[in-house]
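We name chains A, B, ... by the order of the sequence lines, and we start the count at 1 in each one.
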Protein chains: 2
Amino acid sequence: MFSKACEYAIKAMVFIQYKSQQNETTNLSEIAEAIDSPAAFTAKILQQLRKSDLLESIMGVKGGFRILENKQISLKEIIITIDGNGIFSHCVLGLKACSAANPCPMHHKYAIVRQEMERIMQKTFLVDLANQLILKKISLK
Amino acid sequence: MFSKACEYAIKAMVFIQYKSQQNETTNLSEIAEAIDSPAAFTAKILQQLRKSDLLESIMGVKGGFRILENKQISLKEIIITIDGNGIFSHCVLGLKACSAANPCPMHHKYAIVRQEMERIMQKTFLVDLANQLILKKISLK
DNA sequence: TTAAAATCGGATAATTTTGTCCGATTTTTT
DNA sequence: AAAAAATCGGACAAAATTATCCGATTTTAA
């Protein structure tokens with residue numbers, strides 16, 4: 001479904017959101033530990049997210065990552081940053097020319113799934129998921 | 001979503017079904033041409049499908065591939081043969097321990113998408129798609 | 001001012017996926 | 001019987017994704 005990079009990105013962002021809500025910045029090793037991901041690879045992903053302005057980084061001792069309080073970040077934004085918008089737009093069968101006017105065999109049937117996926121990712125925000133974490137209702141490992 | 005191999009598999013199977021309904025066997029180069037795929041790679045995929053008994057091959061001159069008349073093959077069978085059942089069962093975030101009892105942040109929200117996907121793939125059969133091809137309602141390229 | 005702890009960025013390595021090549025075998029046709 | 005047209009299977013190659021390493025820079029604290 002999503003690339004590994006994207007899975008890590010979502011999990012990392014949920015964790016950073018969780019920490020940020022408690023007014024704490026968190027650093028790479030803490031994040032990697034929390035989401036059980038390879039640290040160096042996770043660092044690359046965090047850079048991408050930072051460049052897309054989805055999070056803030058602080059360099060130096062006591063540095064780390066955080067999400068600004070006023071930010072409302074949807075999963076869709078993260079997915080598009082890391083994996084591009086292919087999952088929301090590309091043909092299920094990978095046909096470049098596929099469209100409503102020139103549909104592939106699956107086009108119409110699959111439209112519902114794609115639409116529902118987009119809807120869910122668009123209206124699920126990091127805050128929602130971080131709150132679940134606080135309630136210990138969910139796991140990131 | 002699906003691997004390239006799986007995309008090729010579905011398209012190839014639709015085309016072979018289409019030909020088989022007209023009582024024709026089709027061969028590798030014809031298939032690859034019809035679905036615009038690399039022939040040698042497609043050959044590997046057809047072998048997998050044959051070993052899973054989703055199609056029949058005939059060796060030698062006038063050989064090729066065909067699907068037996070009595071077979072009702074769903075897309076789900078093809079997907080599971082090539083990509084495994086991960087897309088229908090694995091956690092969206094790639095968590096091994098994720099389940100209804102120990103859910104990841106996305107678990108409950110995503111359940112609907114996964115269920116709908118499985119439902120569609122299970123009840124879409126090659127015959128349905130091949131019939132669309134006959135009517136020239138759809139494209140495989 | 002120096003050491004330590006952190007991000008940053010570039011290079012490289014490992015793994016997986018995608019794709020190619022070729023010799024062997026099978027079957028049909030001449 | 002020989003040639004041709006096809007699948008079969010194994011080895012190999014290329015590309016993409018995932019993962020690691022390390023030196024440079026920034027910031028804090030001793």
Side-chain angles (χ1 to χ4, degrees), chain A residues 1-12 15-16 19-20 24-67 79 81-84 86-87 90 93-94, chain B residues 1-12 15-16 19-20 24-67 79 81-84 86-87 90 93-94:
Chain A
M1 171 70 42
F2 303 132
S3 68
K4 226 122 221 295
C6 191
E7 291 175 3
Y8 294 152
I10 294 172
K11 288 191 275 185
F15 181 71
I16 296 166
K19 283 295 200 177
S20 297
E24 293 176 31
T25 71
T26 177
N27 65 32
L28 178 61
S29 61
E30 198 175 18
I31 295 167
E33 202 281 322
I35 71 173
D36 201 22
S37 68
F41 188 50
T42 306
K44 300 296 185 197
I45 297 162
L46 294 174
Q47 289 311 308
Q48 282 186 263
L49 294 165
R50 179 181 59 82
K51 281 168 189 161
S52 295
D53 224 37
L54 295 188
L55 57 74
E56 240 196 3
S57 69
I58 302 108
M59 286 187 85
V61 178
K62 296 268 177 183
F65 300 88
R66 72 175 165 215
I67 293 170
I79 293 162
T81 297
I82 305 297
D83 279 354
I87 199 134
H90 287 179
L93 301 186
Chain B
M1 173 69 43
F2 304 132
S3 68
K4 225 121 223 295
C6 191
E7 290 174 4
Y8 294 151
I10 294 173
K11 288 190 276 185
F15 181 72
I16 296 166
K19 284 293 200 177
S20 298
E24 293 177 30
T25 73
T26 176
N27 66 31
L28 179 61
S29 61
E30 198 176 18
I31 295 167
E33 202 280 322
I35 71 174
D36 200 22
S37 69
F41 188 49
T42 306
K44 301 295 184 195
I45 296 162
L46 294 175
Q47 289 312 308
Q48 281 185 264
L49 293 165
R50 178 181 59 82
K51 282 168 189 161
S52 295
D53 223 38
L54 295 187
L55 56 74
E56 238 196 5
S57 70
I58 302 108
M59 286 188 86
V61 177
K62 295 268 178 184
F65 300 88
R66 73 176 165 214
I67 293 169
I79 293 162
T81 297
I82 305 298
D83 279 355
I87 199 134
H90 287 179
L93 301 185

5' precedence on DNA chain C between B:Thr42 and A:Gly63 (nearest-nucleotide basis): A:Gly63

Closest to side chain of B:Met59, choosing from D:dT20, C:dT18, C:dT25: C:dT25

First encountered from the 5' end of DNA chain C, between A:Thr26 and B:Val61: A:Thr26

d(CD1, B:Ile82; P, C:dT16) in whole Å: 19 Å

B:Ile35 side, atom CD1; B:Glu7 side, atom CD - distance, nearest 0.5 Å: 10.5 Å

Interatomic distance where CG belongs to A:Asn27 and C1' belongs to D:dT27 [whole Å]: 14 Å

Length of the line joining A:Leu46:CG and C:dG9:C1', which is rounded to integer Å: 14 Å

Sugar-phosphate only, base, or nothing, as touched by B:Ser29 at under 4.0 Å among non-hydrogen atoms: nothing

Atom pair distance, as rounded to whole Å: CG in B:Leu28 and C1' in C:dC21: 14 Å

A:Glu56 CD to D:dT27 P, straight-line distance once rounded to whole Å: 13 Å

Base of C:dG19 paired with side chain of B:Lys4 (donor-acceptor, under 3.5 Å): no

Atom-pair distance (CZ on A:Phe41; P on C:dA13), nearest Å: 18 Å

Nucleotide nearest B:Pro38 when distance is taken to its side chain, options D:dT20, C:dT7, C:dG19: C:dG19

Integer-rounded Å distance: D:dT7 C1' and B:Lys44 NZ: 11 Å

B:Ile87 side, atom CD1; A:Met1 side, atom CE - distance, nearest 0.5 Å: 4.0 Å

B:Glu30 and B:Phe15: CA distance, side-chain angles, deciding distance, side chain to side chain contact (heavy atoms under 4.5 Å, CB included) verdict: CA-CA 10 Å; B:Glu30 198 176 18; B:Phe15 181 72; 4.3 Å; yes

A:Arg50 CZ - D:dT26 P separation (whole Å): 13 Å

